[in-house]
Amino acid sequence: MNTSNSNAPGSPPIVLNVNGIEVIYNHVILVLKGVSLQVPEGGIVALLGGNGAGKTTTLRAVSNLLKGERGEVTKGSIELRGERIENLSPAELVRRGVVQVMEGRHCFAHLTIEENLLTGAYTRASKSEVAAGLEKVYAYFPRLKTRRGSQAAYTSGGEQQMCAIGRALMANPSMVLLDEPSMGLAPQIVEEVFEIVKDLNAKERVTFLLAEQNTNMALKYANYGYIMESGRIVMDGPAAELANNEDVKEFYLGMGGAERKSFRDVKSYKRRKRWLA
Amino acid sequence: QAKEQFFPLLSYRTGPYAPNGTPWANGKQDYLKMINARDGGINGVKLTWEECETGYATDRGVECYERLKGRPGVTLFDPQATGITFALTDKVVNDKIPLLTLGYGLSVAQDGLAFPWNFPLMGSYWTGADVLIQHIMKKENGNLKGKKIALVYHDSPFGKEPIPLLQERARMNGFELSLIPVTAPGVEQKAAWLQVRQQRPDYVLLWGWGVMNSTALKEAQATGYPRDKMYGVWWAGAEPDVKDVGEGAKGYNALNLNSSGTQPKVIQDILKYVHDKGQGTGPKDEVGQVLYTRGVIIQALSIEAVRRAQERFGKGKVMTPEQVRWGLENLNLDQKRLDQLGLAGVMRPLSTSCSDHMGSTWVRVQTWDGSKWNFSSDWYQADEQIIKPMVKAGAEKYLAEKKLTARTAAQCQS
Amino acid sequence: MTDAALLEQQEQAAAPRATARRFGDVILDVKNISLSFGGVKALTDISFDVREHEIRAIIGPNGAGKSSMLNCINGVYQPQQGSIALRGKTFRHMKSRQVAEMGIARTFQNLALFKGMSVLDNIMTGRNLRIKSNLLLQALRIGPAEKEEIRHREYVERIIDFLEIQPFRKTPVGQLPYGLQKRVDLGRALAMEPQVLLLDEPMAGMNVEEKQDMCRFILDVNDEFGTTVVLIEHDMGVVMDISDRVVVLDYGRKIGDGTPDEVRGNPEVIKAYLGTAH
Amino acid sequence: MGFFLETLFGGLMVGMLYSLVALGFVLIFKASGVFNFAQGAMVLFAALAMARFSEWIPAWTGVQSKLVANVAAFLIAGAIMFVVAWVVERLVLRHLVNQEGATLLMATLGIAYFLEGMGQTLFGNSIYKIDVGMPKDPVMAFESTFQGGILINQEDLIAALIAAALVALLSLFFQKTSTGRALRAVADDHQAAQSIGIPLGRIWVIVWCVAGVVALVAGMIWGSKLGVQFSLSTVALRALPVVILGGLTSVPGAIIGGLIIGVGEKLSEVYIGPHVGGGIEIWFAYVLALLFLLVRPQGLFGEKIIDRV
Amino acid sequence: MLYRENGQFKTSYRADQQIFPILQDRWFMVALLLAAFVVVPMVASDYWFRAILIPFLIMALAALGVNILVGYCGQISLGSGAFMAVGAYGAYNFFVRIADMPVVPAILLGGLCATVFGILFGLPSLRVKGLYLAVATLAAQFFADWMFLRVKWFTNDSSSGSVGVAQLQVFGLPIESAQSKYWFCLAFLTVIGLLAKNLVRSAIGREWMAIRDMDVAAAVIGIRPMYAKLSAFAVSSFIVGVAGALWGFVYLGTWEPAAFSVDLSFRLLFMVIIGGLGSVMGAFFGAAFIVLLPIFLNQFLPGLVAMFGASINTAGLSHAELMIFGALIVWFLIVEPHGLARLWSTGKQKLRLWPFPH
Ligand SMILES: Nc1ncnc2c1ncn2[C@@H]1O[C@H](COP(=O)(O)OP(=O)(O)OP(=O)(O)O)[C@@H](O)[C@H]1O
Ligand SMILES: Nc1ncnc2c1ncn2[C@@H]1O[C@H](COP(=O)(O)OP(=O)(O)OP(=O)(O)O)[C@@H](O)[C@H]1O
Ligand SMILES: [Mg+2]
Ligand SMILES: [Mg+2]
């Protein structure tokens, strides 16, 4: 990986450049051990990896939400369009168009779905734009419209996930950090969500960095992918290439050889492959 | 080793009672400074002191006591708070240090045989309550039959202390006593004064401390209760209690153990030797106020006790606490001595003995005229007939409970 | 069954076995359950049964009422209508404790772990129902109390081994990544040695490899102990592969019930949930 | 009958005064999920500032008008409360984003200690006077209707009106503005609020500032009733049952709670108290609140406590 | 490199379940106990015993009790002062009303009185939660304040409502000297501390924590909220009651209800939070912080001020003390929101890695 490709002719400019960051929680737990990645303008970049690999942490580092978790970036730099952003407040980042959809929903429990969405537009001033944004979100997620009046805590898990995504869209972002958007969503909705991602990406040139466990889906929609393992990037490449990599196929796509194996037929565990990084 | 008599000063300059605690503490300290400046100490023994902030809290008070009791030359403790007094009463017995509680503390501690180390000089809440009833009786031409008297009191041992005596008096004099407690610190008294309004007592006795007093006066005003029918204990009759009520407190009466004002010689001396040299502890305009002067006499009596002890145990020596106790038990301040001390007009003569740790019960009534306190009665003394048996019974109960035995008069000459 | 015997069985369960399906009687019979919150009808007249030893999946779009169904079985929600029969005993209102005592354990969709406790302690709470020594004995921790504690600890350690969370034994669960927390949640339910295990999206937030492990595990539990499993899952691959029968809910109604193949072919299900035929 | 009404009325008035203090708690809780232990200290601090400046301003400027002195003192005290809010955000809250309730509660306690020390250092620890010209003497009403009439305290009446106005204003603010919504979002989840661009810092300054002004008004009214000194901060203890009875998150709840507690407290003390020795009002208020809680665990108007799995 | 668990393999779960699984910790603990029981009594002065160590020990015990309820079971209580008062007055009544009542049983019976009172006022916790419960427990506080002032029977008809005990003896040995009082309290603290530690790491402790962290889920795995909450109230108020009895009997000697005022309740809660919720160690740290720091500041500040050539009167001093105290609370919270105990364990964790930074 090199950073100089941002100026290479033909390839789009790099929006987000994460450069060798280390993250420590609670002053003692070293979680990211030098992670570097680039997100090109208008791209969809997927961040893949097992549980605890550090995907969420990477996203938090970018959106500067680490502080509340008592974590901090101790090394490396993060640049947004060439500008260092480690010290910007999350609110400032949102104003610059970077919004994170947090893992595990985090809807405002006491607010209704509609109020949740409206708070998402806090940084936007124009009333009419907000109203239009709301309509757009409702169009993407009709289910939300039917539940608009109920408090978020009393909606189903999937509804909350939709609410969280919709809320982020309300800020009219230019770059979205999506943390496991597919989690808890019905298959139909998962596809819809990815369609929305693709749609926004194509129509409004929104850049996406998404952490996903659903490797299959992620690689289908992303243009580029990084694979993380215990706090390091162990592999990266264009999505299509990754999807054809044997290791990736076996361990992330569940296809030993070429065919998809039935879950019932997988006979053993404790044979997890770990990359030596 | 330097000859220094050490005075631990427990005080509270913060917390809910700070406005009253501060002038009190300042008076005590200024007097010490004055004696050092004017007389060079007691027969050449320099006076030293250290203040320790208790915030009126018992545990902080105990900590202060433990910290200061071991200082070389320690004299006695005046804890300035009823709760701390209770906690220290047990401790001083073991440590053999006198506990001076002028005008507060345990009423039964008047019995020096049962309470060898406690000195509620000049009066207890029983004597105070007794005098108030005497005064009211005088106003009513000697007959209180059928009258109603309400006691509005700080809901704590301090406020409850006078109740047994008042009940006794009610039985004797045939008045009706109603008890109206006010939850400490006494910032919300609407209910209490609604009750006053409902019962329409002929007199209200106010047993308050700190913010409770001024609030009571304001509520009295707000409920239209005549202030001149209100009588406070001597802790409810100082400037901070009435100052910010001003005109609203006009006519309000309270007991006073001491005079106020700057005329007495002792106050003049303090101004001259301390404040004029810029060494005053507090602001100058507070000198001579009620509580300030009370601090002064407390300190004056402590020093007299030391002086008296020196007369017996050796002039110019540093007295041990036990020797100081002897001094406290053998105080004999006649008018002449008071004049010498510059306390003429500030207080009445007082003499103590081994069995009588109070010395005198002289007290006067004063009235607020909207800007200052004026005496409005002659000096009273409590009625021994009533108080004596009560003290005796109380002391016996105390001893029984603590499995202690009283001293005999023979043991007094330590 | 003694604990020792159980442990032995667990031991063997580590090695994969040929599946031998042997369904028993109806263990859990849900009859005409209706549940609504204010105006929202979460469940309308739902009936289905679960037979001993089967893996029963509940699927349906988001907000269909799947979790609410589990909550009703669990006694967290009280349905307005209908009843639930457990081994023939019918309940109108279930108390959570009763349900637990009858051997029903569950995991939660939104992670309901005890955040401040370590992984070990979380799983140990699952054994609480079985702890006999009283408060005083526990305070003194002498003889029987300590032995009992160790016995349960041993059991829990097996579970920890299975779930491959040994390194995190003493980590507070709040600090674990989401996927691992899901595993701890499962571990806690398993520690109850349940007869019926209700799993609410146990594989959300896992990648394929991890899902495979999870499936393997569910299958093993099901095989070895005959534990009946009720499973909510959005991953159709998993549902179709491992479940014996599937209930499909939509907007609080039951729109399908049958073997995976039947359900897969049901046009209503395809329309409401699957989108395209999987 | 007349006396009963008088007690009732007195209770209502006191209740309104409690509401004023309770309001401060509600504001900060509603807007940041923090139970602000420092509210009592803020009342004291603001009142001290106001009392001392109204004393100092005539001394410094020579302007003897009471009105000018009071208005100027009020404004200065308000400005000081703004500074307090700003400093609190900068030095405390900012560093405690996303921490648990207990931690934040403890932090506000630290703030309380600090403000108490600071206030008394800056402004002194004696009794000070706030004289905004409230009438002190009572008026007699309905003398023809009831025997003995009903005594009404004008000071209380004015204070109650001010309290009511303030509450109405704040209710509107929370219901109608988008900032109000953002405040509620922050209370629910700091991190999520941050993630969608709500500037926590600014929100907190606003809230603490408003709470500071409420504390100032409360301090002014209570101070003019009681005199300004340390004990003023203990009024907060009397206001706590009001807060929970009305619901920690409800502005109108603070008022209704205040009225219920005020009336309950006074009636109990006057009618039950004498039979059990008196002094029951304070625990009675708490027990009353507790009884309401047993029926509605979130208080009368509080947001439902959500626990869902 | 010294503080490592490397090479310390546990071959049995019993070994792994020790209170201090790491060898160095065990040695540290042994040394600490030795110091507390033997070394301190040899070196400490009378002042240290009476004004610092004894109140510290008693407050640590009380904080431990409060921590069980607040830290482990998550039921925030502001009524701890009341539980202490009930313990103290209960023990007092047993002590003076029953002839020849020995001290230790009297204190334990006082604790039992507090247990009953605690369970009674714990009943609302079955319905009311969180801060609402916290404020509701103040009802217990104010009620107890009132009860001991008003109901004469509790104070053995003392006119002022203050009571006291004297001449305590254990097995014929008088508890009068500072040392003996210290040992007496230390013994209570050690025994109860150990029992409490056992409880919180046993099934019942896990039930409490489960209720604290997620009560619905706890119910689903078969924990009875009622039993868990009330047992926490019972155990907690027993310990707090014993501490209250010690506070009255050993520290104050004579006391009035105000010695157990709402202020004390607040202070106990602060100790628990600043020390670390849900940590036995935290109770000790918290008590040390809240009891000792003000005393320390009080004695240390004048010297410090004098160093800068200024002087400060006691009022200024105590105001400065308040400010510094407040600032320190905030500072510690910022450094470690989970309290001093967590700071301690983080420190140990760092030590384990030492000399490598991570
Ligand atoms: N607040 C925290 N305190 C301490 N450690 C943490 C914290 N949050 C995460 N970690 C640790 O950081 C590591 C990476 O966690 P992270 O949440 O980034 O993983 P992830 O890749 O998002 O996993 P998942 O797919 O399960 O969400 C884990 O080992 C986890 O234990
Ligand atoms: N306590 C409650 N109060 C109000 N409405 C509720 C409550 N619990 C559930 N609901 C509503 O009932 C419906 C069903 O919810 P449920 O959680 O059962 O859905 P689900 O099938 O599990 O969906 P998902 O797959 O998204 O988790 C939803 O619309 C939800 O908003
Ligand atoms: Mg993650
Ligand atoms: Mg669900």
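We use all heavy atoms of the structure for the numbers below, so side chains are in, but hydrogens, waters and symmetry mates are not. Throughout, a chain's letter reflects where its sequence line sits, starting with A, and its residues are numbered from 1.
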Task: For chain C, which residues of residues 202-209 of chain E have heavy atoms nearer than 4.5 angstrom - done: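 Listed by number, the contacting residues are E:Ser202, E:Ala203, E:Ile204, E:Arg206, E:Glu207, E:Met209.
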Task: Residue-level contacts of residues 225-239 of chain E with chain C, using a heavy-atom cutoff under 4.5 Å - done: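 E:Tyr227, E:Ser231, E:Val235 fall under the 4.5 Å cut-off.
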Task: Engaged part of E:Ala218 at the chain C interface, taking heavy atoms whose separation is under 4.5 Å - done: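 The answer is both parts of E:Ala218.
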Non-hydrogen atoms of chain E under 4.5 Å away: do they reach the side chain of [X], the backbone, both or neither?
X        : value
C:Leu135 : both
C:Leu129 : side chain
C:Met124 : both
C:Ile73  : neither

Open item on the list: So which residue, C:Asn134, C:Ile131, C:Ile104, C:Asn122, ends up with the most heavy-atom pairs under 4.5 Å with chain E?
Closed with: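 The residue among C:Asn134, C:Ile131, C:Ile104, C:Asn122 with the greatest pair count is C:Ile131.
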Open item on the list: Among C:Ala191, C:Ala139, C:Gly126, which residue has the highest count of heavy-atom pairs closer than 4.5 Å to chain E?
Closed with: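 The option with the most such pairs is C:Ala139.
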TODO: Kindly confirm or rule out a cation-pi arrangement of C:Arg56 over C:Phe48, judged by NZ or CZ under 6.0 Å from the six-membered ring centre and within 45° of its axis?
DONE: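 Pair C:Arg56/C:Phe48 does not count as cation-pi.
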Task: C:Phe114 six-ring face occupied by C:Arg188 cation (under 6.0 Å, within 45°) - done: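 Relative to the ring axis of C:Phe114, which defines the angle, C:Arg188 lies inside both limits.
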Open item on the list: To the nearest 0.5 Å, what is the distance between OG1 on C:Thr125 and CD1 on E:Ile211?
Closed with: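 Going from OG1 on C:Thr125 over to CD1 on E:Ile211, the span is 11.0 Å.
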Open item on the list: Nearest 0.5 angstrom please: C:Leu180 CG to C:Met206 CE, how far?
Closed with: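 Between atom CG of C:Leu180 and atom CE of C:Met206 there are 8.0 Å.
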- [ ] Look at C:Glu201 together with C:Lys182 and state whether they make a salt bridge at an N to O cut-off of under 4.0 Å.
- [x]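 No, C:Glu201 and C:Lys182 are not salt-bridged.
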Open item on the list: Regarding C:Glu149 and C:Arg153, does a basic nitrogen lie under 4.0 Å from an acidic carboxylate oxygen?
Closed with: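 Salt bridge: no.
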TODO: Determine whether the side chains of C:Asp161 and C:Gln166 contain a donor N or O and an acceptor N or O closer than 3.5 Å.
DONE: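 Their side chains do contain a donor-acceptor pair, which is all the 3.5 Å distance test asks for.
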Task: Exercise: do E:Arg224 and C:Asn128 side chains pair donor with acceptor under 3.5 Å - done: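 Note: E:Arg224 and C:Asn128 side chains miss the donor-acceptor criterion.
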TODO: With sequence neighbours excluded, tell me which residues meet side chain to side chain donor-acceptor pair (under 3.5 Å) with C:Gln80.
DONE: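 Once residues adjacent in sequence are excluded, C:Gln80 has no partner under the side chain to side chain donor-acceptor pair (under 3.5 Å) criterion.
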Open item on the list: Measuring only between side-chain heavy atoms, which start at C-beta, is C:Ile165 closer than 4.5 Å to C:Ile123?
Closed with: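 A side-chain contact under 4.5 Å exists here.
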Open item on the list: Centre-to-centre under 6.0 Å for E:Phe285 and E:Phe289, is that the case here?
Closed with: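 Aromatic pair excluded; centres sit 6.0 Å or further apart.
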- [ ] Indicate, with yes or no, if the rings of E:Phe83 and E:Phe121 have centres closer together than 6.0 Å.
- [x]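 No, ring centres 6.0 Å or more apart.
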Open item on the list: Holding to salt bridge (charged side-chain N to carboxylate O under 4.0 Å, His left out), I want the full list of residues that pass it with E:Arg342, two or more places apart in sequence or in another chain.
Closed with: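 For E:Arg342 there are no salt bridge (charged side-chain N to carboxylate O under 4.0 Å, His left out) partners, ignoring immediate neighbours.
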